[in-house]
Student: 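Sending over a structure as C-alpha cells; questions will come in a sec.
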Amino acid sequence: MCGLVGMVGKGDVGPDIYDALTVLQHRGQDAAGIMTCRGGRFNQRKSEGLVRDVFRQDHMARLKGPIGIGHVRYPTAGSSGPALAQPFYVNSPYGIALAHNGNLTNSEQLARELFQDDLRHLNTDSDSEVLLNVFAHEMQTLGKLSPGPDDIFQAITAVHRRCRGGYAAVALLVDYGVVGFRDPFGIRPLVIGVRDTAAGEEHMLASESVALDVLGFRLLGDVAPGEAVFIDSKGALHRRQCASNPQLCPCIFEHVYFARPDSLMDGISVYKTRMRQGETLARKILRERPQHDIDVVIAIPDTSRIAGQSLASALDIKFREGFMKNRYIGRTFIMPGQSQRKRSVRQKLNAVPLEFEGKNVMLVDDSIVRGTTCRQIIQMARDAGARKVYFASAAPPVRYPNVYGIDMPSAEELIAHGRTVEEVCELIGADWLIYQDLEDLIECSREGNKEAEGFDCSVFNGEYLTGDVDRAYLDRIEALRNDDAQSLSRTTMLAEGAVVGLHNDAS
Ligand SMILES: O=P(O)(O)OC[C@H]1O[C@H](OP(=O)(O)OP(=O)(O)O)[C@H](O)[C@@H]1O
Ligand SMILES: NC(=O)CC[C@H](N)C(=O)O
Ligand SMILES: [Mg+2]
C-alpha cells in the first residue's frame, strides 16, 4: 500500500514532496524515492528505508526543478531492495518516470507482451515497471514530438484497456508535466489539491488528503475511478474520464487500517468511519451478550484507538490506555517477514498493569490478519493480571488473499482462513472473540458516501472485482510471495547480488 505524491509548482518541489512523503510514511516503510525535472534533466534519489533515512541534505540539494513525483514503498510484487524503489524511469519516449500504488493482476502477461510485441526491456520483477512501460509504449505509439493533454489521455485509455488490478499512479513527463490516474474501480486512492502562491497556482496529487492538508493545499477532490489528470508544466489542470465503464468501489481496508484517520477518501472521512465501526460493533456485543461483564475497554495502539473509544462510549464503559506504544517502532503489519513482525509487537507495545489487574478487559483492534499482534497482546494482558480477556475486531475475519496492493498473498498465513470464529478464539487464547459483520462494516463506509457503487471487500468475502482472479492465479502468487518464499528470495538476492538499479545513484 504505497504512498504517492506528484507536484507541479512554481519553485523547486523537492522539499514539499519530501514533506508530503513523511506524512504518507504509514503507507510504506520499505523504500522511498523522489524524482524531479528541470531543463530537460531528471534528478533522482531513491533507496531502501524510511523517508528520513533515504534523503540527506546533499540529496535534497540535487532534487531541483518545479515538477516532480515521490513514492514510499510497501512491496506487493517483486523483491525488495534499492533497485525496486520507485519512481521507475524509461528514457523513451521523451523520458518518463512513474510511481505506483497497487498491484497489477495481469503483470506476467503484460511483461511477456512488452518483451515480445513492444520490444521493451524490463530490468526487475516489479509490476510497477510493467505499468510504466505499458504507458510509455502507448505514448510512443502515438508518435508525437510534443505530446498534449489529448495524447496523454489517449495513452491512459489504452493503459486501462491493457492493465488489470488495482492501480493509482503518478507519472512525470520530462518538462511537460505530471499525470495522475486511477484504475476503473478506484480501488486505490488518489486526490488532488491546489495552493495559491504569489507566482500562481501550484497543484499536488497525493494518495491521501492529509498530505495536502499539511502542505497547505486545498483539496479539490478525488481523481475519479478511471479518470486521468494532467497538470502541465505551466500549471494548467486538464482532466478526462479515460475508462469505458468506471465504478467507484474503493478498497474498504483503507478505512479499516491503511489510511490515516484524518484523511478524506472518495468523500469518506476515515475518522468518522472508524467511529461508526466502534458503534456498530458495540451494538453487536450487546446483541450477543446483553449481560456482559466487561469492566474496561482497551484499544491496541495505534489504528484501533478511534473505534475502541467509540465502542466504549456506546457501551458506556470506561476506555483506558492500557498499552503504551514505543513511538520509534513503525507499523508491524507492513514489515517484511514474520519474525521481524513478531519481534516488533513486543518492542512496540507494553502493558500498564494497573489497567488490567483483576479486571475483565475487552481489547479492541481494527483487524486480525495473521494474528501476530493479538496473540501476543492477549498474553501480555494476562501477564499484567487480567481476569478475563475478551477481544473485539472492528473488521470481519480476514479469510482471503489480497491481490490489489496489500501484501496478503497467502491464505494459509491468515489466521481466520478456513477457521470458525471459535477456532480463532481458541488459537489466539481469548476468553471471547467478536468480529464486526461485513454488512455493518460496509454500511459504516457507505454512510460517508452514498454514491459509492460498492467496496472492494475481497479479503473478507473472496470476491475479486476485476473478474480475472482465478484459483490458478491465487496459487501462483501464494507460491511466489508467501513468507518462506520471500525470505528465501531475500537470501538468494544477498548471495547472488540484487537486481541492478540502472538509474540509481551510488550513495
Ligand atoms: O493480525 P496481525 O497480522 O498482527 O495484523 C493486524 C494488526 O496489524 C496492524 O497494526 P500495526 O502495528 O501494523 O499498525 P498500527 O500501529 O497502525 O496499529 C493492525 O492495526 C493490527 O493491530
Ligand atoms: N503496495 C503497493 O502499492 C506496491 C506497489 C508495487 N506493486 C510494488 O510492489 O512496488
Ligand atoms: Mg495495530
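We count ligands from 1, going down the list as the structure has it; atoms in each ligand are counted the same way. Residues take their numbers from the sequence shown, with the count starting at 1. Any value given below was found using the heavy atoms of this structure, including those in side chains, with hydrogens, waters and symmetry copies removed.
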Student: Checking a contact table here: which protein heavy atom is nearest atom 20 (O) of ligand 1, and how many Å away?
Tutor: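 The closest heavy atom on the protein side is D366 OD2, 2.5 Å.
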Student: Going through the distances and angles, do Y464 and Y473 end up as a ring-ring contact (aromatic ring centres under 6.0 Å, His included)?
Tutor: CA-CA 12 Å; Y464 298 94; Y473 176 77; 8.5 Å; no
Student: Return the set of residues passing ring pair (Phe, Tyr, Trp, His ring centres under 6.0 Å) with Y404 (not counting sequence neighbours), or none when no residue passes.
Tutor: none
Student: The criterion is ring pair (Phe, Tyr, Trp, His ring centres under 6.0 Å); which residues satisfy it with Y167, sequence neighbours excluded?
Tutor: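 Y167 satisfies ring pair (Phe, Tyr, Trp, His ring centres under 6.0 Å) with H160 only.
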Student: What distance do I377 atom CD1 and R346 atom CZ have between them, rounded to the nearest 0.5 Å?
Tutor: 8.0 Å
Student: What residue and atom, counting heavy atoms only, is the protein's closest point to atom 8 (O) of ligand 1, and at what distance?
Tutor: F333 CB, 3.3 Å
Student: When you measure from atom 17 (O) of ligand 1 to every protein heavy atom, which one gives the shortest distance, and what is it?
Tutor: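 Sorting protein heavy atoms by distance from atom 17 (O) of ligand 1 puts T303 OG1, 2.4 Å first.
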Student: For G330 and ligand 1, does the shortest N/O to N/O distance drop below 3.5 Å?
Tutor: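 No, G330 has no N/O under 3.5 Å of an N/O on ligand 1.
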Student: Compile the donor-acceptor pairs under 3.5 Å between side chains in residues 306-314 and protein atoms, sequence neighbours left out, one pair per line.
Tutor:
unit_1	atom_1	unit_2	atom_2	d
S310	OG	M275	O	2.7
S310	OG	A307	O	3.2

Student: For T332, counting its heavy atoms only, list the atoms of ligand 1 lying under 4.0 Å from any of them.
Tutor: 11 (P), 12 (O), 13 (O)
Student: Give me the nearest non-hydrogen protein atom to atom 4 (O) of ligand 1 as residue plus atom name, then the distance to 0.1 Å.
Tutor: T373 OG1, 2.6 Å
Student: Taking it one step at a time, do K284 and D440 satisfy salt bridge (Lys or Arg N to Asp or Glu O under 4.0 Å)?
Tutor: CA-CA 10 Å; K284 183 167 174 191; D440 286 341; over 6 Å; no
Student: Enumerate the protein residues lying less than 4.0 Å from ligand 2, judged by heavy-atom distances, in chain and residue-number order.
Tutor: M1, C2, R73, Y74, P75, T76, A77, Q86, H100, N101, G102, N103, D127, S128, G405
Student: According to the interplanar angle, ranging from 0 to 90°, do the rings of W432 and Y390 count as parallel (below 30°), tilted (30 to 60°) or perpendicular (above 60°)?
Tutor: perpendicular
Student: Find all atoms of ligand 1 within a distance of less than 4.0 Å from any non-hydrogen atom belonging to I368, and give their numbers and elements.
Tutor: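 The atoms of ligand 1 under 4.0 Å from a heavy atom of I368 are 1 (O).
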Student: Quick one: do the Q109 and E113 side chains pair a donor with an acceptor below 3.5 Å?
Tutor: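 There is such a pair between these side chains.
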Student: State the atoms of ligand 1, each with its element, that fall below the 4.0 Å cut-off from a heavy-atom position in G371.
Tutor: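 Listed by number with element: 1 (O), 2 (P), 3 (O).
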Student: Nearest protein heavy atom to atom 3 (O) of ligand 1, by residue and atom, and its distance?
Tutor: R370 N, 2.8 Å
Student: Is there a salt bridge (Lys or Arg N to Asp or Glu O under 4.0 Å) between D266 and R182? Walk through the geometry before answering.
Tutor: CA-CA 12 Å; D266 299 300; R182 222 174 146 193; 2.9 Å; yes
Student: To which of V369, V398, I329 does the heavy atom nearest atom 1 (O) of ligand 1 belong?
Tutor: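 It is V369 that holds the nearest heavy atom.
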Student: Just need the protein heavy atom nearest to atom 21 (C) of ligand 1, so name the residue and atom and give the distance.
Tutor: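 Looking only at protein heavy atoms, the one closest to atom 21 (C) of ligand 1 is D365 OD2, 3.2 Å.
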Student: Taking the side chain as every heavy atom from C-beta outward, state whether T372 and Q338 have any pair of such atoms under 4.5 Å apart.
Tutor: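 With C-beta onward as the side chain, the pair touches.
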Student: Is K325 paired with D302 through a side-chain N to carboxylate O contact shorter than 4.0 Å?
Tutor: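 Looking at D302 and K325, the cut-off is met.
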Student: Can you sort out which atoms of ligand 1 are near K348, meaning under 4.0 Å from one of its heavy atoms?
Tutor: 11 (P), 12 (O), 14 (O), 15 (P), 16 (O)
Student: Measure across D456 and S458 and return the closest heavy-atom pair with its distance rounded to 0.1 Å.
Tutor: OD1-OG, 2.8 Å
Student: Within the structure, does Y257 bring an N/O atom to less than 3.5 angstrom of an N/O atom in ligand 1?
Tutor: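 Yes, since at least one N or O of Y257 sits under 3.5 Å from an N or O of ligand 1.
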Student: Between Y89 and F42, does the ring centre distance come in under 6.0 Å?
Tutor: yes
Student: Give the atoms of ligand 1, by number and element, whose distance to some non-hydrogen atom of S367 is under 4.0 Å.
Tutor: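 Numbered from 1, ligand 1 contributes 6 (C), 21 (C).
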